[in-house]
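Nothing here was measured: the structure is a model prediction, and the numbers come from that model.
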Amino acid sequence: MRIPTDLEILNTIYRMYHSDFSAFEKGDGSRASKIYVPIDCKEIAGELKVDPDIVFGRLYYHLEKQYGYKRDDGSNVHFFALKVGNDPKCVNFPLMTSVLAGLRQEKKKFWIGTAIAVLALIVSTVSLTVSVTQSAGSNRSMHPTAEAAAD
């Protein structure tokens, strides 16, 4: 079974729930808070083709601990909250979007670095091949053949 990365999970949540986040209007009764968007771990897991407990566990046990924090006044800012008002399993959408942007940037840096390294390897290989080929060609002309030596 393939395990989704944090980036894949957060990309999926962003894609599936961005419109819900944007559509919030205070007092419309759709949810308790604009920033905390309720999510369906089963639906997300279905998109990722994994068990729903994998998605829940990554959000609650891993990402909440990694990105949730405590303010100076002692209040908690949750990345993933089990309940906000009457809404179960909510993600702090602006915080999640910030984390997602950072993960996307890290991935881009990785691929740029990898592409530069592969390009350098190709240039080195071509350079070495040309050097060896030229060296072999110049060595042949320096050794006289038996006919040339007899003259």
Query raised in the report: Partners of S98 by side chain to side chain contact (heavy atoms under 4.5 Å, CB included), sequence neighbours excluded?
Result: none
Query raised in the report: Does I116 sit in a hydrophobic cluster with other residues, and if so which ones, taking ILVMFWY side chains as linked at heavy-atom separations under 4.5 Å, directly or through other members?
Result: I112
**Report entry** Value rounded to 0.5 Å, distance of OG in S135 from CG in L128
**Finding:** 10.5 Å
Report task. Step by step, work out the side chain to side chain contact (heavy atoms under 4.5 Å, CB included) result for F79 and L59. Result -> CA-CA 8 Å; F79 180 85; L59 291 167; 4.1 Å; yes
**Report entry** Test log, rule side chain to side chain contact (heavy atoms under 4.5 Å, CB included), inputs Y36 and H78
**Finding:** CA-CA 9 Å; Y36 287 102; H78 293 283; 3.9 Å; yes
Query - Nearest heavy atoms of F21 and I35, plus distance in Å - result: CE1-CA, 4.1 Å
**Report entry** For P38, all residues meeting side chain to side chain contact (heavy atoms under 4.5 Å, CB included), sequence neighbours excluded
**Finding:** R31, D87, C90
**Report entry** Pairs involving residues 39-48, ordered by first then second residue, that meet side-chain hydrogen bond (donor to acceptor under 3.5 Å, both in side chains) (sequence neighbours left out)
**Finding:** R15-E47
Query raised in the report: Just how far is it from atom CG of L103 to atom CE of M96, taken to the nearest 0.5 Å?
Result: 10.5 Å
Report task. Check for a donor-acceptor pair, side chain of T133 on one end and backbone N or O of T129 on the other, with a separation under 3.5 Å. Result -> yes
Query - Min side-chain heavy-atom separation V55-T12 under 4.5 Å - result: no
**Report entry** Residue from I9, N11, L10 passing side chain to side chain contact (heavy atoms under 4.5 Å, CB included) with L7
**Finding:** N11
Report task. Only counting residues at least two apart or in another chain, list the ones meeting side chain to side chain contact (heavy atoms under 4.5 Å, CB included) with P88. Result -> none
Query - Pairing residues for Y14 by the ring-ring contact (aromatic ring centres under 6.0 Å, His included) criterion, not counting sequence neighbours - result: H18, F93
Report task. Answer yes or no: is there a side-chain heavy-atom contact under 4.5 Å between D53 and Y60? Result -> no
**Report entry** Qualifying residues under ring-ring contact (aromatic ring centres under 6.0 Å, His included), relative to F80, sequence neighbours excluded
**Finding:** F56
Query - By side chain to side chain contact (heavy atoms under 4.5 Å, CB included) - contacts of S19 (at least two apart) - result: none
Report task. Kindly indicate whether the side chain of N92, heavy atoms from C-beta on, has any atom under 4.5 Å from the side chain of V77. Result -> yes
Query - Nearest non-hydrogen partners of S33 and V84, listed with the distance - result: CB-CG1, 4.3 Å
Requested in this report: For T114 and F110, indicate whether the former's side chain and the latter's backbone hold a donor-acceptor pair under 3.5 Å.
Outcome: yes
Query raised in the report: So which pairs with a foot in residues 88-116 pass salt bridge (Lys or Arg N to Asp or Glu O under 4.0 Å), sequence neighbours left out?
Result: none
Query - Y17 side, atom OH; S22 side, atom OG - distance, nearest 0.5 Å - result: 14.5 Å
Query - Over 12 non-hydrogen atoms of neighbours within 6.0 angstrom of CG in N76 - result: yes
Requested in this report: Tell me, with the steps shown, if V50 and I3 meet side chain to side chain contact (heavy atoms under 4.5 Å, CB included).
Outcome: CA-CA 7 Å; V50 296; I3 300 172; over 6 Å; no
Report summary line: For H62, the ring-ring contact (aromatic ring centres under 6.0 Å, His included) test, sequence neighbours excluded, returns none
Query raised in the report: Got a sec, which pairs hit salt bridge (Lys or Arg N to Asp or Glu O under 4.0 Å) with one end in residues 56-81, sequence neighbours left out?
Result: D6-R58
